[in-house]
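Some notes on the structure that comes next.
All residue numbers in this chain count up from 1 along the given sequence.
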Amino acid sequence: MDLASARRAAVAAATSWTTPPLNRADGTSISPQIAKHFASDVFSHRTMRHRLSKDVFKRLMRTIELAEPLDPLVADIVAAEMKDWAIENGATHYTHWFQPLTGLTAEKHDSLAELGKDGEMIYALSGSSLCQSEPDASSFPSGGLRATFEARGYTAWDATSPAFLVRGHNTVTLCIPTAFVSWTGAALDQKTPLLRSMDALSKQALRILRIFGTDKGVRRVLTTVGPEQEYFLIDRHLYYTRPDLVSCDRTLFGTRPPKGQQLEDHYFGSIPPRVLAFMAELEYELYRMGVPVKTRHNEVAPGQFEIAPTFETSNVACDHQMLMMETIKRVAPRYGLSAILHEKPFSGINGSGKHNNWSMSTDTGVNLLDPREETHTNMEFLAFLCAVIRAVDVHADLLRASVASASNDHRLGANEAPPAIISIFLGDMLTDIVGQLEKGELSRTLKGGAMDLGAATLPHLPRDSGDRNRTSPFAFTGNKFEFRAVGSSATSAWPNTVMNTIVAESLDELATQLEVAVGPNPSPEKLMTAVRGVLQKTIREHKRVIFNGDGYSAEWHAEAERRGLPHLRDSVAAIPRFGSDGAVRLFEKYQVLNRQELESRVTTYLERYCKQILIESETMVMMGRQMILPAAVAQESRLAQAVAALKNAGADHKERLAMLEEFMERVRRFTTTLEGLAEADNFESHDPGEHAKYLRDKIIPLMLVLRAAGDDLENHVSADLWPLPSYREILYLK
């Protein structure tokens with residue numbers, strides 16, 4: 001079968017799909033009583049409380065909540081109970097589930113069954129096996145931290161993130177969330193620095209609470225996260241006829257269809273039946289693994305959707321975010337679909353992000369970013385708010401670099417995503433209070449009031465005190481900050497590590513100033529005077545990062561430059577910021593990452609950038625030579641035959657000849673650019689920074705030109721010859 005015929009067969013298969021009934025992987029129907037299934041496959045606190053003795057449970061919880069060292073005897077008991085629970089639920093293997101610097105997760109499965117002393121098979125999981133394992137570290141990215149022959153690495157149990165079961169068609173595996181470090185103790189993963197950053201922020205936030213006298217009963221301050229996830233779904237038959245989607249998770253060729261998203265009819269529209277069936281099973285599997293998903297809906301672009309969880313402690317939320325992405329990918333094929341998590345899989349329509357909703361809370365349940373009713377009197381909230389404002393201003397470059405990737409470069413700055421300039425949106429109420437604070441007088445909190453909708457049957461709606469701003473990369477949204485620049489395919493652990501660290505530094509700075517200004521045993525009046533003075537100074541020095549307008553506008557770009565805000569337009573400019581002396585001092589001071597660990601991440605992220613661009617450029621060359629050029633030559637032959645037929649018949653063939661010559665020129669442009677890109681791909685450099693600059697400045701422009709030439713050919717080649725499913729087919733056949 002030729003490629004064009006394969007494409008037509010895939011389209012036919014996509015249009016003939018019949019949505020199956022809602023079911024689980026084992027074929028049984030999904031119970032509507034999903035609440036009873038929530039966390040049924042999680043070794044949760046409730047499960048541990050039921051299975052462990054009171055003393056063992058209490059000692060384990062002190063490790064989880066207070067970071068006390070874990071007694072090996074307790075580890076043995078917990079491991080035995082975890083093993084029994086897993087076996088009772090059908091598990092045969094366990095794995096230390098970790099997050100290396102690949103941006104994905106990793107796992108090595110070991111059997112729970114082993115040979116006993118008497119030669120019989122027994123089930124066993126020791127405390128040492130629970131707490132530590134030794135996967136080979138040589139094939140994971142280390143950015144030069146370890147030589148290839150230095151292979152030893154360790155995974156260490158993160159007791160704060162619950163173990164869970166993953167169910168396949170004929171397997172159940174116990175997954176134990178772990179950190180991953182080298183033989184030297186250097187962090188080779190995303191979890192280790194995240195946990196360190198949470199400790200750093202907690203320590204500094206407790207100092208602020210002690211100044212205000214609100215630290216009673218508070219043992220830790222936790223950062224909490226609720227990362228939303230956008231993704232695309234396309235028919236699986238069409239997916240596998242596109243080598244670019246299979247290899248790169250995005251289309252490298254494809255002209256936009258007449259109908260894209262311009263009618264704005266997909267956003268929050270009726271969910272297609274097959275997609276809804278997929279969503280139901282996805283939610284069921286996530287509920288079982290304890291992932292508290294809350295929201296599902298159509299997104300802006302055709303074929304684009306979103307799922308959002310409720311808030312959890314940062315490290316658990318980041319684990320669940322990785323689990324969510326894996327589960328989306330795993331469940332979609334059951335419904336004849338393929339999930340695409342790339343930030344910009346289709347040109348000309350919106351890409352996908354992962355809006356990272358971030359806040360700080362005490363372990364007693366108090367949200368420290370909740371402004372409450374009379375916000376102008378809530379000085380503790382204003383202290384935490386000012387700390388965030390200072391952190392984003394001082395370290396805007398690191399925040400921007402935390403979301404840098406080759407795939408996210410396609411999205412940031414377009415009229416669909418936050419710009420690469422980092423600024424803060426506060427809204428009308430907080431902007432007014434910050435203005436009052438700068439002047440030294442706090443007298444009012446703006447109220448939103450209520451809206452009368454004009455119909456007697458409709459309720460009066462309470463109006464928020466400020467509007468939302470979808471163009472801001474870092475927006476205050478009620479009782480949290482929404483970092484909107486995180487890419488859809490990225491781990492949320494790294495941006496949260498950076499946020500925690502820069503805010504920890506700002507809390508440290510404010511706490512130090514306040515402790516000096518307040519002194520021991522201050523009166524309430526002296527405390528408030530000192531707090532107002534320190535916060536006033538902070539606002540005056542860092543208000544430049546506050547912007548409530550249109551982040552997409554050219555005027556804002558010019559204004560941001562006048563304000564001195566950094567504008568790191570791409571990953572090649574952004575990623576090296578983590579290797580600066582200032583970044584090293586910051587991360588070393590709060591014991592999140594040392595110089596070697598930071599430099600390894602710069603190298604790793606630049607190398608990944610280079611590899612992604614090279615895979616895409618080489619895929620373009622392959623598709624151009626093997627798919628597009630043959631179709632174009634076939635079209636050329638048809639036109640030539642038409643010219644010859646008219647000429648032989650003695651008819652006027654000038655118009656057809658002009659068409660042929662024009663088309664031949666299109667083919668020539670495509671071929672010339674194609675061979676130019678193939679030649680340019682041969683550049684080599686052992687310096688990832690130099691290589692990345694070459695790819696950005698030479699390869700990517702050639703890829704853009706080649707794409708334009710290929711898309712031009714798609715518009716002029718007969719549909720029965722074109723080998724690739726079109727955007728119209730990919731995006732709308734559901």
Side-chain angles (χ1 to χ4, degrees), residues 95-109 133 135-143 145 153-156 158 161 164 166 168 173 175-182 187-195 225 227 229-232 239 245-250 282 285-286 289 291 307 315-333 338-345 352-354 356 402-408 486-497 571 575 600-601 603-616:
T95 181
H96 275 199
W97 184 80
F98 59 100
Q99 300 170 39
L101 296 179
T102 57
L104 305 171
T105 62
E107 52 194 59
K108 179 190 74 171
H109 294 198
S133 183
D136 187 337
S138 63
S139 295
F140 289 108
S142 70
L145 273 175
Y154 300 108
T155 49
D158 175 16
S161 186
F164 56 92
V166 171
T173 305
C175 296
I176 302 165
T178 56
F180 179 47
V181 298
S182 76
L188 297 175
D189 69 336
Q190 303 289 2
K191 178 183 282 286
T192 302
L194 176 61
L195 291 171
V225 175
Q229 178 70 56
E230 295 174 343
Y231 60 96
F232 280 83
Y239 175 86
L245 284 176
V246 174
S247 298
C248 310
D249 219 32
R250 81 177 182 101
L282 170 65
E285 292 223 357
L286 291 173
M289 292 183 289
V291 182
I307 184 171
N315 68 307
V316 177
C318 291
D319 283 356
H320 283 171
Q321 171 57 216
M322 297 303 294
L323 197 55
M324 179 186 293
M325 291 195 292
E326 291 176 349
T327 308
I328 289 172
K329 285 279 194 180
R330 189 175 70 248
V331 173
S338 285
I340 302 174
L341 300 178
H342 192 282
E343 283 75 5
K344 192 72 171 179
S352 298
K354 191 194 314 282
N356 193 91
S402 74
V403 298
S405 70
S407 53
N408 211 19
V486 183
S488 54
S489 68
T491 169
S492 53
W494 181 232
N496 281 288
T497 297
S571 296
I575 291 172
S600 76
R601 277 157 174 76
T603 301
T604 296
Y605 296 152
L606 286 174
E607 286 177 345
R608 187 193 303 172
Y609 175 92
C610 295
K611 291 172 183 176
Q612 286 180 320
I613 299 300
L614 282 173
I615 289 171
E616 290 184 356

Distance, nearest 0.5 Å, that separates CZ of R601 from CD of Q190: 6.5 Å
Would you compute the distance between atom CG of N356 and atom SG of C318 and round it to the nearest 0.5 angstrom? 7.0 Å
Measure across K354 and S492 and return the closest heavy-atom pair with its distance rounded to 0.1 Å. CD-CB, 4.2 Å
So OG of S142 and CG of L188: to nearest 0.5 Å the spacing works out to 6.5 Å
Could you label the plane-to-plane angle of the F140 and F98 rings as parallel, tilted or perpendicular, counting under 30° as parallel and over 60° as perpendicular? perpendicular
Under 4.5 Å between any side-chain heavy atoms of S571 and Y605, yes or no? no
If we ignore hydrogens and angles and just use 3.5 Å, is the side chain of R608 paired with the main-chain N or O of L101 as donor and acceptor? yes
Tell me whether the rings of F164 and W97 are parallel (<30°), tilted (30 to 60°) or perpendicular (>60°). perpendicular
Closest heavy-atom contact between D319 and S161? OD2-OG, 2.6 Å
Please report the closest heavy-atom contact between M322 and G103, naming both atoms and the distance. CE-O, 3.4 Å
Run T155 and H96 through side chain to side chain donor-acceptor pair (under 3.5 Å) and show every step you take. CA-CA 7 Å; T155 49; H96 275 199; 2.8 Å; yes
Here the pair of heavy atoms bringing T178 nearest to D189 is O-OD2, 4.4 Å
How many angstroms lie between atom OG of S405 and atom CD1 of I575, to the nearest 0.5 angstrom? 8.0 Å
Test side-chain hydrogen bond (donor to acceptor under 3.5 Å, both in side chains) applied to S489 and H342, E343, R250, the passing residue: E343
NZ-OG distance between K344 and S352, expressed to the nearest 0.5 angstrom: 9.0 Å
V291 vs T327 side-chain heavy atoms within contact, under 4.5 Å: no
Using every non-hydrogen atom in the two residues, find where C175 and V166 come nearest and quote the distance to one decimal. SG-CG2, 3.7 Å
Candidate list L195, L194, T491, N315, test side-chain contact (heavy atoms from CB on, under 4.5 Å), partner T497, passing option: L194
Measuring from atom CD1 of I340 to atom OH of Y231, what distance do you get when rounded to the nearest 0.5 angstrom? 12.5 Å
Heavy-atom pair with the smallest gap, counting every atom of T192 and V181: OG1-CG1, 4.0 Å
